[in-house]
Amino acid sequence: QVHLVESGGGLVQAGGSLRLSCAASGRTFSSYSMGWFRQAPGKERDFVAAISRISGSLYYAESVRGRFTISRDNAKNTVYLQMNSLKPEDTAVYYCAARTGWGTSDRVYEYDYWGQGTQVTVSS
């Protein structure tokens, strides 16, 4: 089992940047592919980005491609989401998630473990 804790959320103006972190504890971090999802009030949880076990494969939602970058440091048991050129529509609670599969996935149900989420608010 793995325990995930997100940090780095906050309030930022449109056009600004934030860097989210997700620290993992428990089983070997490199055993998991990782993903970031987000959920706005009243909406479903949506895929944002994913990274494979050894960073060989990256996958982004169309809405964030070119603005967000996912990365991981297996030595620090941490996955990151660098968010640039933020827009008000990026406002949501952001969750990191872990799955035992090899490749990346954009499907909520394919992830086995979830963090508690961190709020990102982008003002116009």
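Residue pairs meeting the ring pair (Phe, Tyr, Trp, His ring centres under 6.0 Å) criterion with at least one member in residues 52-98, sequence neighbours excluded: Phe47-Tyr59. Every pair tested for salt bridge (Lys or Arg N to Asp or Glu O under 4.0 Å) that includes a residue from residues 6-25 fails, sequence neighbours excluded, so the list is empty. Among pairs with a residue in residues 52-76, those fulfilling salt bridge (Lys or Arg N to Asp or Glu O under 4.0 Å) read Glu62-Arg65, Arg67-Asp90, at least two apart in sequence or across chains.
Arg107 places no side-chain N or O within 3.5 Å of a backbone atom of Tyr111 that could act as its donor or acceptor partner. Checked by atom type and distance alone, the side chain of Thr91 never pairs as donor or acceptor with a backbone atom of Thr121 at under 3.5 Å.
Side-chain heavy atoms closer than 4.5 Å link hydrophobic residues (I, L, V, M, F, W, Y) into clusters, and following such links, even through other members, never connects Val108 to Tyr113. Val12 and Met83 fall within a single hydrophobic cluster, where Ile, Leu, Val, Met, Phe, Trp and Tyr are joined by side-chain heavy atoms under 4.5 Å apart, directly or via other members. Grouping the Ile, Leu, Val, Met, Phe, Trp and Tyr side chains by contacts below 4.5 angstrom, directly or via other members, places Phe37 apart from Tyr32.
Here the closest heavy-atom approach between residue Ser30 and residue Asn74 is recorded as CB-ND2, 3.7 Å. Between Ser33 and Ser52, the shortest heavy-atom distance links the atoms OG-CA, 3.9 Å. In plain terms, the two heavy atoms of Val2 and Ala98 that are nearest each other are CG1-CB, 4.1 Å.
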Margin query: Set out, in order, the CA-CA distance, both residues' side-chain angles and the distance that settles side-chain contact (heavy atoms from CB on, under 4.5 Å) for Ser17 and Gln82, then state yes or no.
Written below: CA-CA 7 Å; Ser17 297; Gln82 178 67 45; 4.0 Å; yes

Checklist line | Steps toward side-chain contact (heavy atoms from CB on, under 4.5 Å) verdict (Ile70, Val79) | finding: CA-CA 7 Å; Ile70 188 171; Val79 62; 4.0 Å; yes

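Side-chain contact between Met34 and Phe29 is present, with heavy atoms from C-beta onward closer than 4.5 Å. In this structure the side chain of Leu81 never reaches within 4.5 angstrom of the side chain of Thr69, judged on heavy atoms. Side-chain contact check for Leu18 versus Leu86: some heavy-atom pair is nearer than 4.5 Å. Contact annotation: the side chain of Gln116 approaches that of Val5 to within less than 4.5 Å [non-hydrogen atoms, C-beta and beyond]. Residues Val64 and Arg38 have side chains in contact (heavy-atom distance under 4.5 Å, counting atoms from C-beta outward).
Residues passing the side-chain hydrogen bond (donor to acceptor under 3.5 Å, both in side chains) test with Glu44: none are found, sequence neighbours excluded. A search for side-chain hydrogen bond (donor to acceptor under 3.5 Å, both in side chains) contacts involving Ser105 returns Glu110, not counting sequence neighbours.
Between atom CG of residue Leu11 and atom OG of residue Ser123 there is a gap of 5.0 Å, rounded to the nearest 0.5 Å. Rounding to the nearest 0.5 Å gives a distance of 9.5 Å between CD of Gln13 and OG of Ser124. Distance check, rounded to the nearest 0.5 Å: SG of Cys96 to CG of Leu20 gives 9.5 Å.
Taking Ile, Leu, Val, Met, Phe, Trp and Tyr as hydrophobic and joining them when side-chain heavy atoms fall under 4.5 Å apart, one finds Ile54 isolated, its cluster having no other members.
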